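Notes for the one structure printed next.
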Amino acid sequence: MIEDWPATPDEAVALQLRMAPLVDPRPPAGFAPRTAAGLDVAYDEDRLAAAVVVLDIASLETVDQVVVPGVTDFPYVPGLFAFRELPALLGALERLTTSPDLLICDGQGVAHPRRFGLASHLGVVTGLPSIGVAKTPMGHYDPPGPERGDWTELTDGGDVVGRALRTQREIKPLFVSIGHRIDLDTACAQVLRLAPKYRQPETTRRADHLCREALVLDR
DNA sequence: GCGACAG
DNA sequence: ATCTTGTCGC
């Protein structure tokens, strides 16, 4: 499934440079996502659990979920985060009953040194529209206003790569960037819609809870 | 050369 | 990511 999987950081960087041009910032024709999947991974030593939870965007009800166990192959290296989580997340995605319309990822999309963070990598590999939602920025930004929905640009090397988006009043913003096949306005609107009550989107919250629980039960 | 650097 | 106490609020 995953050809030429890198064994070293140098190979991983080379793969990102080859794949970054494959990111398509244009949404599919008539894009109107009905479901969104949250993806997250939890760790315990060399074990991990990857979870995907699919929500109906309108009702925020869970319509499908999968969690799979795995092992950590790749060390955590800033900029190469995807190589740690991608294999397990793809395995979980394959086991879903239905294909989600949109992927909400825990990390950067194009707000990344090589414009190819986890969300972009997942989007390109699956062909699905994807959004990167990170808790910490990779780039520079000025603090947005205090209200829910307030935002400022996230920049890197002179490029606008995403937004610092406040999802709750006076709560630290999230850092949203496009992953693949979506535009930044739509990405931010979807994140806001999915986060009516807490800082993080419901998709991410449920996937987080699910993989943590699985890690404990599998032990 | 030194610091910064998603989870 | 994970480690952690008490504390505030619904």
Side-chain angles (χ1 to χ4, degrees), chain A residues 6 9-10 12-13 15-17 19-20 23 38-53 67-90 92 103-125 130-141 153-165 167-180 184 187-188 191 196-201 203-216 218-219:
Chain A
D10 279 354
V13 168
L15 184 58
Q16 289 180 329
L17 292 172
M19 293 184 75
V23 168
L39 304 88
D40 196 23
V41 179
Y43 300 85
D44 178 46
E45 302 287 302
D46 53 350
R47 294 187 311 124
L48 62 79
V52 181
V53 178
V67 59
V68 299
V71 290
T72 52
D73 296 300
F74 214 89
Y76 168 66
V77 180
L80 300 180
F81 177 53
F83 298 93
R84 223 172 137 66
E85 306 205 332
L86 202 66
L89 289 174
L90 288 175
L103 264 28
I104 308 294
C105 309
D106 195 1
Q108 317 288 359
V110 300
H112 174 276
R114 290 168 291 283
R115 307 292 179 264
F116 201 68
L118 174 66
S120 295
H121 206 143
L122 273 166
V124 167
V125 169
S130 65
I131 301 173
V133 179
K135 298 180 286 296
T136 310
M138 267 186 141
H140 304 294
Y141 73 102
E153 289 179 336
L154 177 62
T155 61
D156 179 41
D159 298 337
V160 174
V161 294
R163 289 179 189 167
L165 176 66
T167 55
Q168 296 299 323
R169 179 178 189 166
E170 278 159 359
I171 295 299
K172 179 181 170 158
L174 287 175
F175 302 89
V176 179
S177 56
I178 68 161
H180 185 57
L184 192 50
C188 288
V191 169
K197 191 167 169 61
Y198 300 101
R199 180 187 182 219
Q200 292 273 15
T203 38
T204 302
R205 298 187 73 245
R206 288 180 207 173
D208 180 81
H209 294 163
L210 182 58
C211 59
R212 288 198 200 200
E213 174 189 48
L215 212 48
V216 176
D218 240 49
R219 159 191 168 178

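Keep in mind that this is a model prediction, so the values were computed, not measured. In what follows, every chain begins at residue 1, and chains take the letters A, B, ... in the order their sequences are listed.
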Side-chain N,O (Lys135(A)) to OP1/OP2 (dG7(B)) below 4.0 Å: yes

Heavy-atom neighbours of Arg47(A) CZ exceed 12 at 6.0 Å: yes

Aromatic contact, His112(A) with Phe81(A) (centres under 6.0 Å): no

Sugar-phosphate, base or nothing in reach of Leu154(A), heavy atoms under 4.0 Å: nothing

Evaluation steps, side-chain hydrogen bond (donor to acceptor under 3.5 Å, both in side chains), between Arg199(A) and Gln168(A): CA-CA 6 Å; Arg199(A) 180 187 182 219; Gln168(A) 296 299 323; over 6 Å; no

Tyr198(A)/Arg205(A) under side-chain contact (heavy atoms from CB on, under 4.5 Å): CA gap, chis, key distance, verdict: CA-CA 9 Å; Tyr198(A) 300 101; Arg205(A) 298 187 73 245; 3.3 Å; yes

Sugar-phosphate only, base, or nothing, as touched by Ala42(A) at under 4.0 Å among non-hydrogen atoms: sugar-phosphate

Sugar-phosphate only, base, or nothing, as touched by Leu48(A) at under 4.0 Å among non-hydrogen atoms: nothing

dC5(B) phosphate, OP1 or OP2, under 4.0 Å from Thr136(A) side-chain N/O: no

Side-chain (Ser130(A)) to main-chain (Ala119(A)) donor-acceptor, under 3.5 angstrom: yes

Watson-Crick or G-U stems involving DNA chain B, each at least 3 pairs long, distances under 3.5 Å, ordered by first number: none

Between P of dG7(B) and CG of Leu86(A), the distance in whole Å: 17 Å

Presence of Tyr76(A) side-chain N/O under 4.0 Å of dA6(B) phosphate oxygens OP1/OP2: yes

side-chain N/O Lys197(A) vs dC10(C) OP1/OP2, d < 4.0 Å: no

